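Report on the following structure.
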Amino acid sequence: MATMTLGSMLDALRADLVQLATGDAHLPVGGVELLDGSALEPVAPRCLLLALGLDLSSAGAVGQALRLAAETTGALAVKCADGLPAPVLEQARAAGATVVAVNPDIPWSRLYGLVSTLLATQPTTGEPASGLGGGDLFSLANSVAAICGGAVAIMDTDQTIVAYSNLPDQPIDETRRVGILSRQVPGHALPHHLTDELWRSDSVKLIRRDGYHPRLAIVIRAGDTALGSLWATFPDEDAIGDCEAVLAAAAKLAALHLLTIRRHLDADQESRTAALQTALQHPGHADRALPLPGSLLCLAEAEDADHRPDQRPDQRPDQRPDQRASLLRAVGLLELDARSLGHEPTISMVKDRMYVLLQAAPRGSVTVSTLAAHFHQRATRLLHTNLLIVRSEPAEDPDGLRQARDDLDRAISHLRDSGARPGSYAARDLHAEIVRQRLFHAVRSDAMLRTGFGRVIVAHDLAHGTAYRATLLCYLRSFGDVRAASAELTLHENTVRKRIRRAQELFGIALDNPTHRLLLELELGASAPGAGRGDVEAAEQ
């Protein structure tokens, strides 16, 4: 197993990201795990334990987490803005535990990804030397080309060519020529660069294309994270020798370089995340440098217990798995899938919902709908979570982004209220429902749009324990069909007819007037339980 000392790990990360709060900097670390503060479970030894949701003011919860870290010879990572509180520091020293302080603004998923990739690039005990030269990526490409006899190119997950060999007399075809000139994989070659056969494999693959030179390719990975790919072009298949081991070793060295590049990009990603957070909540102060036009995705857990494989039917609401923690576990997988499929996601968590901004159709990417469907399948299978994912049409500016967020919130609330199955949805397919929710919001917000009948009917129901609102609303939505309304209400038809007649007498409503029927349906619908939940949630967030 690859390990590194905690001190070396912290040195490799930025000082404003993590710091040693107390304990042993020489502690060997061989893994990273998410530790749910509400349900501590056994963990592997020598791990950095990321304490999700740990309340530092709860001495009992903190003590349990510290003891678990000490017993497993691991280190506990906690979020705190100005150093560990004194009581926590005393508890840690008494337990003999090592504690790392994490900047509260950094998502746990980001830290999890950085630590796992750092560990994945450490050499394991007894690993043989590759014989490849060091230096930068161009030097590495030339070293591989000299050993294998092919022309080498290294790409990142955006299919940008970050390095290539430049030795004399190397084989070249139109794909390599255009790629080097543009520093981007040509469009005609993308289907062969993005095949599942290659990106789901850890081994070297032979890629054939009619009219082009054959190529050997391998994905560059750090743990489960795909960082890019390495390609070697040969004049023909007879020229391909036994060089798979060399390419595999070169991919590991390339991972170190690409990881360094990604660390430099990390600050930019954090800036984009902050800009997205501002745009979603305060569009007037949004940074115009956001990657727009772009599509916004909203992810939330389905609330239907029948669709929650991690939730037992007998669990009380306060015992059910935390939705935010579940989404946090999904962030790393989403970033991996998005980058592997040509997107650079900007992610913002707001309470129990995740918002993801994807730039509209970056070169070398799959469509947003394909990415959303692919991620949903993977999250269901690997994380045992069931998500509702709704995607917007491309937004052109921060104001459009805020409007997209409002519409997605309404769509998520509608899907939850209607018991929709977890899956990937397009906001345009839910447009009619979103418009209805907008009308409800307008009716609730503007007294000039209300006749007053709805308020009187609801007040009467509350005062007398009647159900005129529910009966009238169902009758109106059934277009005056008493049989359909009685079936939905599970009442006898005569009972429904009697209630409708009595309501007209009590409240003076004219159900034979189509305008009155429309306005009354809107008022009663806007007052229905859950009818405005999307607007309420958006306001709270």
Side-chain angles (χ1 to χ4, degrees), residues 1-35 43-52 54 65-66 69-70 72-84 88-89 92-93 96-127 129-130 134-137 139-140 156 162 220-225 227-228 252-271 273 332 335:
M1 178 178 66
T3 62
M4 64 189 305
T5 66
L6 180 62
S8 298
M9 179 182 292
L10 298 183
D11 288 342
L13 300 169
R14 300 206 320 265
D16 62 338
L17 179 64
V18 289
Q19 291 183 339
L20 180 65
T22 184
D24 184 7
H26 299 289
L27 188 75
V29 177
V32 57
E33 289 200 21
L34 298 175
L35 188 67
V43 295
R46 295 186 176 182
C47 283
L48 180 65
L49 306 177
L50 309 186
L52 275 70
L54 181 63
L66 289 170
T72 58
T73 326
L76 184 69
V78 300
K79 286 194 174 182
C80 51
D82 302 308
L84 279 185
V88 177
L89 191 59
R93 288 171 177 166
T98 297
V99 181
V100 172
V102 179
N103 187 323
D105 296 330
I106 304 303
W108 283 118
S109 59
R110 181 76 50 75
L111 182 58
Y112 182 95
L114 287 171
V115 173
S116 60
T117 47
L118 278 172
L119 290 170
T121 54
Q122 298 303 303
T124 57
T125 304
E127 185 174 41
S130 65
D136 59 17
L137 279 172
S139 299
L140 177 62
D156 62 15
V162 295
I220 301 168
R221 299 187 192 279
D224 293 330
T225 304
L227 301 175
K252 289 187 176 182
L253 288 176
L256 293 169
H257 291 283
L258 291 177
L259 180 60
T260 300
I261 293 172
R262 182 156 293 183
R263 282 180 55 211
H264 288 303
L265 294 175
D266 209 42
D268 177 62
Q269 187 178 53
E270 288 169 19
S271 175
T273 296
E335 289 178 333

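Values in this document were obtained by computation on a predicted structure and should not be read as measured data.
- The two residues Ala101 and Cys80 come nearest to each other via the heavy atoms CB-SG, 3.6 Å.
- The heavy-atom pair separating Arg221 from Ala255 by the smallest distance is O-CB, 3.5 Å.
- Closest approach of Leu89 and Ala21 over heavy atoms only: CD1-O, 4.2 Å.
- Atoms CG and CD, on Leu84 and Gln19 in that order, are 10.5 Å from each other to the nearest 0.5 Å.
- When every heavy atom of Ala77 is checked against every heavy atom of Leu48, the shortest pair comes out as CB-CD1, 4.1 Å.
- Among residues two or more places apart in sequence or in another chain, the side-chain contact (heavy atoms from CB on, under 4.5 Å) test is passed with Ala70 by Ala97.
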>> Working note: Ile220 + Asp156, criterion side-chain contact (heavy atoms from CB on, under 4.5 Å); need CA distance, chi angles, decisive distance, verdict.
In response: CA-CA 9 Å; Ile220 301 168; Asp156 62 15; over 6 Å; no
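- A side chain to side chain contact (heavy atoms under 4.5 Å, CB included) with Val100 is found for exactly one of Leu49, Leu10, Leu50, namely Leu10.
- Shown here for Ala65 and Leu76, the closest heavy-atom pair between the two residues is CB-CD2, 3.8 Å.
- Distance CG/Asp11 to CG/Leu20: 10.5 Å, rounded to 0.5 Å.
- The side-chain heavy atoms of Asp24 and Leu6, taken from C-beta on, include no pair separated by under 4.5 Å.
- Ala69 and Ala75 get closest at one heavy-atom pair: CB-C, 4.3 Å.
- Residues that satisfy the side chain to side chain donor-acceptor pair (under 3.5 Å) test with Thr5, not counting sequence neighbours, are Ser8.
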